[in-house]
Amino acid sequence: MSDSLPFALRHCSSLQEKKQQFADSAAKHSEKMSKNPFSGGFKTNAASRLAKDDPNYGRPVAGSKTERRGKNAARHVNAEVVFLCDMIHQEGIQLPDGTAVIAFGELFQIYTRISNKLVGMLLRARKYNLLTFEGETLFQRRDDHVPIKLLRPIQEIRAELHEDQDFDVGVCHKAPR
């Protein structure tokens, strides 16, 4: 007799169990939305708010798509920094200590055909002590003469950046301390 029932009826639970599963799923979703400040169901609750000294403050929920996108972005930025340092090494003037130097104007002409993020990548690379230049930021034409110098030989920079494989959200490189 059970073989004569349709597949869907043989393999589904009772209606009461389905209703309970739906109610549980709806309650879980409502709870999640009450914590999401971008949802219509957001409820401010001082007890559920993170303190600013909490390590999870300002961080995406672990295992979420947002966390995964942040890590992928950090991986992409790391690759761009390596590419920028390679470009400076290949196109710049080689120095006896194994580093290289190039004028900003020359680098700008070469790099902007590849990416429009040159100044941002220069700031990021300087933040991680991979290169140096004078001033806060560089502007086309005004700073064309400013030298940009790698602080270490390209082999060291590549090795250091390629060993970074476990990225954190917003951190493309863990500089050695």
Side-chain angles (χ1 to χ4, degrees), residues 28 31-33 35-39 42 48-177:
K28 185 177 176 184
E31 172 71 20
K32 184 177 176 183
M33 290 297 105
K35 295 177 183 176
N36 183 348
F38 302 107
S39 75
F42 178 65
S48 69
R49 295 178 71 185
L50 292 175
K52 290 190 179 189
D53 59 340
D54 188 308
N56 291 324
Y57 182 79
R59 319 271 310 145
V61 176
S64 67
K65 288 181 182 178
T66 303
E67 181 189 43
R68 187 173 59 241
R69 285 190 293 263
K71 288 182 177 188
N72 287 341
R75 185 174 293 109
H76 178 75
V77 169
N78 187 3
E80 282 229 25
V81 169
V82 170
F83 183 76
L84 172 63
C85 292
D86 273 333
M87 185 69 60
I88 293 169
H89 175 74
Q90 290 171 12
E91 301 295 330
I93 298 166
Q94 302 301 311
L95 300 175
D97 63 354
T99 62
V101 66
I102 191 170
F104 174 69
E106 185 180 346
L107 182 62
F108 189 89
Q109 292 303 317
I110 297 165
Y111 198 83
T112 54
R113 289 186 183 95
I114 301 160
S115 173
N116 62 353
K117 302 173 195 73
L118 174 62
V119 174
M121 290 299 113
L122 285 170
L123 293 172
R124 180 63 63 121
R126 181 170 68 176
K127 176 181 176 181
Y128 294 121
N129 297 317
L130 302 174
L131 56 81
T132 188
F133 57 87
E134 286 186 24
E136 283 295 310
T137 190
L138 300 172
F139 295 97
Q140 186 182 15
R141 291 186 193 85
R142 184 190 83 179
D143 296 317
D144 282 353
H145 65 283
V146 174
I148 300 168
K149 182 183 185 297
L150 292 178
L151 293 174
R152 291 180 272 162
I154 193 65
Q155 294 81 3
E156 285 182 29
I157 293 172
R158 282 185 196 136
E160 184 178 307
L161 291 175
H162 285 309
E163 70 185 35
D164 270 349
Q165 295 302 312
D166 183 32
F167 294 95
D168 198 5
V169 175
V171 180
C172 80
H173 173 61
K174 295 177 182 107
R177 301 283 167 189

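In this text, all values refer to a predicted model and were calculated from it rather than measured experimentally.
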Exercise. Is L84 close to L118 at the side-chain level, that is, under 4.5 Å between some pair of heavy atoms?
Worked result: yes
Exercise. How about R75 and N72: does a side-chain donor come under 3.5 Å of a side-chain acceptor?
Worked result: yes
Exercise. Which residue pairs pass the side chain to side chain donor-acceptor pair (under 3.5 Å) test with at least one member in residues 140-149, sequence neighbours excluded?
Worked result: T99-K149
Seminar exercise, completed: Heavy atoms of V146 and L138 approach each other most closely as CG1-CD2, 3.8 Å
Exercise. Short question: side chain of E160, backbone of E156 - any donor-acceptor pair under 3.5 Å?
Worked result: no
Exercise. Under the side chain to side chain donor-acceptor pair (under 3.5 Å) test, which residues partner E136, sequence neighbours left out?
Worked result: none
Exercise. Should Y111 and F83 be marked as a side-chain contact (heavy atoms from CB on, under 4.5 Å) after you check the CA-CA gap, both sets of side-chain angles, and the distance that decides it?
Worked result: CA-CA 10 Å; Y111 198 83; F83 183 76; 3.7 Å; yes
Problem set entry | Pairwise side-chain contact, L130 with L161, heavy-atom cut-off 4.5 Å (strictly under) | yes
Exercise. Do the non-hydrogen side-chain atoms of V119 and F104 ever get within less than 4.5 Å of each other?
Worked result: yes
Exercise. Can you list the residues that meet the side chain to side chain contact (heavy atoms under 4.5 Å, CB included) rule with I110, with sequence neighbours excluded?
Worked result: M87, E91, I102, E106
Exercise. Where do A100 and H89 come nearest, in terms of heavy atoms and distance?
Worked result: CB-CA, 3.9 Å
For this session: Answer yes or no: does atom CG of L95 have more than 12 heavy-atom neighbours from other residues, nucleotides or ligands under 6.0 Å?
Result: yes
Exercise. Taking only residues two or more places apart in sequence or in another chain, which ones pass side chain to side chain contact (heavy atoms under 4.5 Å, CB included) with K117?
Worked result: E80, S115, M121
For this session: Identify, with sequence neighbours excluded, every residue that meets side chain to side chain contact (heavy atoms under 4.5 Å, CB included) alongside D86.
Result: V82, Q90, I154, R158
Problem set entry | Residues in side chain to side chain contact (heavy atoms under 4.5 Å, CB included) contact with R126, at least two apart in sequence or another chain | L123, L131, F133
